[in-house]
Amino acid sequence: MTIAWIRRTYGVPARVGGRVEYTGEGPDKPELGTITSASGGHLRIRLDGQKHSLPFHPTWRLRYLPRTAP
């Protein structure tokens, strides 16, 4: 599945290079990350400070951060 499919299916603003906040470890431990790709209906996100991307469900404890001007 593609990122376009994820956007349509889940109604989220996912884009490669987009920034997210993941709160799966609890709301008091948010982690920031960057969307790198999509795979099998999941987003691949590289959390800040990590070397590899991991799969995340597009709606589970993710907050999509607004784009910033270049």
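Just so we're clear, the structure is a prediction, and the values are computed from it rather than from any experiment. The basis for the numbers below is simple: all heavy atoms, side chains too, and nothing from hydrogens, waters or symmetry mates.
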Side chains of residues 5-16: which donor-acceptor pairs under 3.5 Å do they make with residues two or more places apart or in other chains?
| from | atom 1 | to | atom 2 | distance (Å) |
| --- | --- | --- | --- | --- |
| R7 | NH1 | A14 | O | 2.9 |
| T9 | OG1 | W5 | O | 2.8 |

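- Shortest non-hydrogen contact noted between G40 and M1 is C-CG, 3.9 Å.
- By the side-chain hydrogen bond (donor to acceptor under 3.5 Å, both in side chains) test, T59 pairs with H57, sequence neighbours left out.
- Among residues at least two apart or in separate chains, salt bridge (charged side-chain N to carboxylate O under 4.0 Å, His left out) pairs with a member in residues 20-44 are E21-R63.
- Taking the side chain as every heavy atom from C-beta outward, L43 and V20 never approach each other to under 4.5 Å.
- When hydrophobic residues (I, L, V, M, F, W, Y) are linked wherever their side-chain heavy atoms come within less than 4.5 Å, the members clustered with L32 are L65.
- T34 meets the side-chain hydrogen bond (donor to acceptor under 3.5 Å, both in side chains) test with R19; sequence neighbours excluded.
- Identified under the ring pair (Phe, Tyr, Trp, His ring centres under 6.0 Å) test for residues 12-39, with sequence neighbours left out: Y22-F56.
- Scanning for side-chain hydrogen bond (donor to acceptor under 3.5 Å, both in side chains) contacts around S37 gives an empty result, with sequence neighbours left out.
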